Amino acid sequence: MQYDTHQKFSPTTLFLHWTVGLIIIGMLASGVYMVEQNAYWVFSWHKSFGFIVLFLALARVAWRMKNGWPTAAGDYSALVHGVAKVIHWVLILSTLLMPISGLMTSVLGGHGLSVFGLEVFAQNFSVEDPEKTLPINYELSKLGGTVHHYLGYVLIGAVVLHVAGALKHHIMDKDGTLRRMLGKSI
Ligand code: HEM
Ligand code: HEM
């Protein structure tokens with residue numbers, strides 16, 4: 001098993017960062033789009049990719065615990081390190097809490113979940129009116145919806161700051177932060 005070194009990141013870190021990162025950006029864009037445009041056709045895609053990302057995010061947390069966090073590529077003040085660390089924590093925790101709260105909204109709301117057509121959680125149909133779905137736990141489903149909504153916007157802010165930080169390192173500081181995440185040695 002290859003681990004991260006100061007000079008070069010392991011293939012595991014690169015794979016998990018870029019698959020999770022790109023899916024998350026797609027999830028944020030599709031989430032805002034489907035809610036604002038009432039685009040119901042997007043929901044099944046959003047839920048399917050969201051379910052898959054939960055497992056990738058869990059694998060990433062396990063990898064961070066085994067491998068540790070990367071050491072900084074440049075020489076910065078404690079404040080700059082602190083801000084980057086907080087943003088990394090917000091990013092990694094929200095990649096877990098977003099799919100969990102999304103699942104709470106849908107599954108506990110009685111809507112069920114199919115992953116690319118494969119049923120994982122069944123819809124909860126009403127016995128009196130089989131056309132209608134009933135919530136399994138209305139309060140927890142609402143709580144999930146509130147967390148999903150607000151954390152979604154916190155995550156958008158964190159991703160914007162994170163990408164701006166990566167570009168600042170590359171363009172202004174000219175250090176190896178971005179190059180290392182692109183698989184190059186520094
Ligand atoms: C990392 C994964 C996910 C991200 C980043 C994400 C992001 C978002 C965002 C930004 C919104 C729009 C929020 C709003 O404006 O109210 C949204 C809505 C929604 N998401 Fe997700 N989502 C994820 C996973 C999931 C999963 C796994 C499910 C369900 C299984 C799900 C179900 C929903 C539903 C039902 C809505 C619409 C809520 C409403 O109508 O207010 N999401 N998502
Ligand atoms: C185009 C978009 C992105 C770019 C250019 C980018 C760039 C980078 C770079 C250069 C690092 C290394 C920082 C260091 O060495 O300290 C990093 C780390 C990290 N990034 Fe991103 N990133 C992007 C998107 C995302 C997204 C959407 C997430 C949200 C899940 C994310 C989460 C993280 C986390 C948690 C780390 C810490 C190291 C790790 O766990 O792999 N990134 N990113």
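Both counts, for ligands and for their atoms, begin at 1 and track the order of listing. Computed from a prediction, not measured in an experiment: that's the story for all the values here.
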Check your understanding: Does even one non-hydrogen atom of H111 get within less than 4.0 Å of ligand 1?
Key -> no
Review point. Within the distance-only criterion (no hydrogens, no angle test), does the side chain of T13 pair as donor or acceptor with the backbone N or O of F9 below 3.5 angstrom?
Key: no
Check your understanding: Taking N or O atoms only and a 3.5 Å limit, does T95 qualify as a polar contact for ligand 2?
Key -> no
Point to revise | Location of contacts on T177 toward ligand 2, heavy atoms closer than 4.0 Å | key: both
Check your understanding: Side chains of T71 and H6: donor-acceptor distance under 3.5 Å anywhere?
Key -> yes
Check your understanding: Side chain, backbone, both or neither: which part of W18 comes within less than 4.0 Å of ligand 2 when only heavy atoms are counted?
Key -> side chain
Check your understanding: Among the heavy atoms of H170, does any lie under 4.0 Å from an atom of ligand 2?
Key -> no
Practice item. Assess the side chains of S10 and D4: does a donor N or O sit below 3.5 Å from an acceptor N or O? Key: yes
Exercise for review: Within a distance under 4.0 Å of any heavy atom of G50, pick out the atoms of ligand 1 and give their elements.
Suggested key: 24 (C), 27 (C)
Review point. Is the shortest N/O to N/O distance between R60 and ligand 2 below 3.5 Å?
Key: yes
Check your understanding: Can P99 be said to touch ligand 1, with heavy atoms closer than 4.0 Å?
Key -> yes
**Study point:** Aromatic ring proximity H169/Y76, centre distance under 6.0 Å
**Key:** yes
Point to revise | Pair S106-H111, side-chain donor/acceptor within less than 3.5 Å | key: no
